[in-house]
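Structure first, commentary second.
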Amino acid sequence: MNRDYILEQVREIIPEPRRLHTQGLLDTAYHLAELYGVDRDKVEMAGTCHDMYRLLDSEEINKLIYKYGVDEKYLNNPSLAHSKIAVKAMAKDFGITDEDILAAVEFHTTGRPGMSKLEKIIYLADAIEPGRPFPGVEQIRAVSEINLDLAVLAMLKHSVKHLEDNNMDVDEDSIKAIEYLEKEMSERVISEGEVNE
């Protein structure tokens, strides 16, 4: 299927109230992609598709969970289910097979261990685009300009703390992503320290 046609079709699916956020994500992600050497076309596809089912209510989400064969643990949970449904629709309805793009959409809400640069950029841009005014966002935006991993780690920790403070469930992928990044960054520091001695 033609790339421009797919993007056009997906843009029609995105609910009107979500379009400003989607554009904010894209603008932020394009900037990060330029900084960290990630393909702009992949950013455009993942960023455009990421929230196409975000504003559906639980009843609509549940129908799509059954339609696309998404794990039933996401029933009645639009905030986590929308990305899982989007990935299934991207593959089945639009023929998108690029695993990096699919993963960037699937884990843009929670993160996961071993994220690619594209995944990190979509995850981060979703959280820090200009329409996101939460305490600490300016610091994370500043860090994103100099260290992608550190910014993603800070955002993951902020999200988990917010969920915990509000007695909301924390997805295990977020916890595992934090552990993975902390370990990876620690090993990198040790390795670089040995090289510099």
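- Salt-bridge check for R132 with D126: passed, with a basic side-chain N closer than 4.0 Å to an acidic carboxylate O.
- Pairs passing the ring-ring contact (aromatic ring centres under 6.0 Å, His included) check and including a residue from residues 147-189, sequence neighbours excluded, read F134-H158.
- Using a 4.0 Å cut-off between charged nitrogen and carboxylate oxygen, E8 and R11 do not count as a salt-bridge pair.
- Atom CG of D169 is surrounded by 12 or fewer heavy atoms from other residues, nucleotides or ligands within 6.0 Å.
- Atom CE of residue M52 and atom CD1 of residue I14 lie 8.5 Å apart, to the nearest 0.5 angstrom.
- No continuous path of ILVMFWY side-chain contacts below 4.5 Å connects F107 to L153, so the two sit in separate hydrophobic clusters.
- In this structure, the side chains of V152 and L181 come closer than 4.5 Å at one or more pairs of heavy atoms.
- Salt-bridge check for E182 with K157: passed, with a basic side-chain N closer than 4.0 Å to an acidic carboxylate O.
- Cation-pi geometry between K84 and Y68 is not met: the NZ or CZ atom fails to fall both under 6.0 Å from the ring centre and inside 45° of the normal.
- One distance of note links CG of D39 with CG of L118; it measures 8.5 Å at 0.5 Å rounding.
- We find that R188 and E184 are joined by a salt bridge, their nearest charged nitrogen and carboxylate oxygen being less than 4.0 Å apart.
- The backbone N or O of S79 lies less than 3.5 Å from a partner atom in the side chain of H82, making a donor-acceptor pair.
- Between the side chain of D71 and the backbone N or O of K73 there is at least one donor-acceptor pair closer than 3.5 Å.
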Check step by step if salt bridge (Lys or Arg N to Asp or Glu O under 4.0 Å) holds for R3 and E44.
-> CA-CA 10 Å; R3 184 177 173 281; E44 183 178 29; 2.6 Å; yes
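- Atoms CG and CD1, on N77 and I65 in that order, are 8.0 Å from each other to the nearest 0.5 Å.
- In this structure, the separation between CG on D171 and OG1 on T109 is 9.0 Å, given to the nearest 0.5 Å.
- To the nearest 0.5 Å, atoms CD1 (I121) and OH (Y36) are separated by 8.5 Å.
- Between A125 and L25, the shortest heavy-atom distance links the atoms CB-O, 3.6 Å.
- Pairing each heavy atom of C49 with each of A86, the nearest pair is O-CB, 4.0 Å.
- Between the side chains of E145 and H31, a donor-acceptor pair is found at a separation under 3.5 Å.
- You'll find the side chain of V70 stays beyond 4.5 Å of the side chain of L64, heavy atoms only.
- By the criterion of side-chain heavy atoms lying less than 4.5 angstrom apart, applied directly or through intervening Ile, Leu, Val, Met, Phe, Trp or Tyr residues, I6 is grouped together with L26 in one hydrophobic cluster.
- For the atom pair N2 CG and Q9 CD, the distance stands at 10.5 Å (nearest 0.5 Å).
- Side-chain N or O atoms of N62 include one that pairs as donor or acceptor with a backbone N or O of N76 at under 3.5 Å.
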Begin from the C-alpha positions of L75 and Y66 and carry the test side chain to side chain contact (heavy atoms under 4.5 Å, CB included) through to its verdict.
-> CA-CA 9 Å; L75 285 168; Y66 289 119; 3.4 Å; yes
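- If you run side-chain contact (heavy atoms from CB on, under 4.5 Å) between L102 and each of M45, E119, M90, only M90 comes through.
- Within the 4.5 Å cutoff, the side chain of R54 has heavy atoms near those of the P78 side chain.
- In this structure, L156 and Y123 have side chains that are in contact, with non-hydrogen atoms separated by less than 4.5 Å.
- At most 12 non-hydrogen atoms from other residues, nucleotides or ligands lie less than 6.0 angstrom from CG of L20.
- A donor-acceptor pair under 3.5 Å links the side-chain atoms of S174 to the main chain of T110, judged by distance alone.
- For the pair D98 and K42, the tightest heavy-atom approach, listed with the atom from each and the gap, is OD2-CE, 3.0 Å.
- For D165, the salt bridge (Lys or Arg N to Asp or Glu O under 4.0 Å) partners two or more places apart in sequence, or in a different chain, are K161.
- Residues I146 and Y30 fall into different hydrophobic clusters, defined by Ile, Leu, Val, Met, Phe, Trp and Tyr side chains chained together at heavy-atom separations under 4.5 Å.
- Between S116 and D100, the side chains place a donor N or O and an acceptor N or O closer than 3.5 Å (distance only, hydrogens not considered).
- Across R141 and E129, no two heavy atoms sit closer than the pair NH2-O, 2.9 Å.
- Between the side chain of N147 and the backbone N or O of V143 there is no donor-acceptor pair closer than 3.5 Å.
- If you chain together hydrophobic residues whose side chains sit under 4.5 Å apart, I175 and L80 fall into the same group.
- A donor-acceptor distance shorter than 3.5 angstrom exists from the side chain of S83 to the backbone of E106, with no hydrogens or angles considered.
- Ion pairing of E60 with K63 is absent here, as no side-chain N (NZ or NE/NH1/NH2) approaches a carboxylate O to less than 4.0 Å.
- Salt-bridge formation is detected for the pair E187/K183: a Lys NZ or Arg NE/NH1/NH2 atom is positioned less than 4.0 Å from an Asp or Glu carboxylate oxygen.
- Of all heavy-atom pairs spanning T48 and V10, the tightest one is O-CG1, 3.6 Å.
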Evaluate the criterion side chain to side chain contact (heavy atoms under 4.5 Å, CB included) for residue pair V38 and L32; output intermediate values, then yes/no.
-> CA-CA 8 Å; V38 172; L32 293 172; over 6 Å; no
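- Linking ILVMFWY side-chain heavy atoms closer than 4.5 Å, directly or via other members, places L124 and M115 in a single hydrophobic cluster.
- The shortest non-hydrogen separation linking V43 to A33 is CG2-CB, 3.7 Å.
- A salt bridge between D51 and R18 is present, with a side-chain N of the basic residue lying under 4.0 Å from a carboxylate O of the acidic one.
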